[in-house]
Every structure is written in C-alpha cells, then in structure tokens.
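It should be emphasised that the depicted structure is a prediction, and the values quoted were computed from it without experimental measurement. Residue numbers count from 1 along this sequence.
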Amino acid sequence: MLSEKDTYHADGLPTNKDYLESDLPPCLQKSILKMQDAWNKINSGESYSLFDCDYCELQSEINIAEVNNDISSRQAWYLREKYLGLDGSNEL
C-alpha cells in the first residue's frame, strides 16, 4: 500500500511537498524559523509588534534566493504559500 510520501501527481511530482524545503540557503532557513515563531505568537493571542518585519524579511529572503537561483520558482511559491499565506496558483 502506498503512503502519501509514495504517491505522485500526473506531472510526476510527489504529492508530499516536503522536498521543496530541502537544501534551503541558511539565511532563508533563519527567516522561516523567525516567521514560524511570529505566527505561533500571533495565533496564541500574544501581542507581537515585529510580525510585519519578520513577514517582509521572509518575503525578501525568498525573492533573493529565487533571483539568485538558489531555489526554484516552484520552491519560492511553495514557501510564500506555506509561510506567508500568499496564493501562487496562477504563478506556476
């Protein structure tokens, strides 16, 4: 029996998108961790005045990594959707 990790879309890509977060540049990894922490604070009702800064920093790090070809456009949009709540359905 196949698990979700073993299944693939018609285009040949895995249905599990964890692979899109492998081998990310260190600065991008750091920004993701900061954004995860920011979301956790906001979602728990904590007041967090640096949320916008963390959001913009992550968006910038994703853009830089994409422009420098450190990550693919597919990875960039996956990260934007997952961590920033943006909709990239029309981008890929």
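Atom CG of Asp23 is surrounded by 12 or fewer heavy atoms from other residues, nucleotides or ligands within 6.0 Å.
Between Arg74 and Tyr78, every side-chain heavy-atom pair lies at or beyond the 4.5 Å cut-off. Ile62 has its side chain out of reach of Tyr83: every pair of non-hydrogen atoms, C-beta onward, lies at least 4.5 Å apart. Side-chain contact between Leu79 and Glu21 is present, with heavy atoms from C-beta onward closer than 4.5 Å.
Going from atom NZ of Lys41 over to atom OG of Ser47 covers 10.5 Å, rounded to the nearest 0.5 Å. Within the model, atoms NZ of Lys30 and CD1 of Ile32 stand 13.5 Å from one another, a figure rounded to the nearest 0.5 Å. Remark: Asn63 CG to Asn68 CG distance equals 10.5 Å, nearest 0.5 Å. Atoms CD and CG, on Glu57 and Leu28 in that order, are 10.0 Å from each other to the nearest 0.5 Å.
Side-chain heavy atoms closer than 4.5 Å link hydrophobic residues (I, L, V, M, F, W, Y) into clusters, and following such links, even through other members, never connects Tyr48 to Leu33. By the criterion of side-chain heavy atoms lying less than 4.5 angstrom apart, applied directly or through intervening Ile, Leu, Val, Met, Phe, Trp or Tyr residues, Leu58 is grouped together with Trp39 in one hydrophobic cluster.
Side chain of Ser60 to main chain of Cys56: no donor-acceptor pair is present (N/O by atom type, distance under 3.5 Å, no hydrogens or angles). Proximity of a side-chain donor or acceptor of Asn40 to a complementary backbone N or O of Gln36 within less than 3.5 Å is detected. With Tyr55 contributing its side chain and Leu84 its backbone, the two residues share a donor-acceptor pair below 3.5 Å. Proximity of a side-chain donor or acceptor of Gln75 to a complementary backbone N or O of Leu20 within less than 3.5 Å is detected.
With respect to Lys34 and Glu61, no salt bridge is recorded, no charged nitrogen being found less than 4.0 Å from a carboxylate O.
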Problem - side-chain contact (heavy atoms from CB on, under 4.5 Å) assessment of Leu86 paired with Trp77 - result: CA-CA 8 Å; Leu86 300 176; Trp77 274 106; 4.2 Å; yes

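Among all heavy-atom pairs drawn from Ile71 and Pro25, the shortest one is CG2-CD, 4.0 Å.
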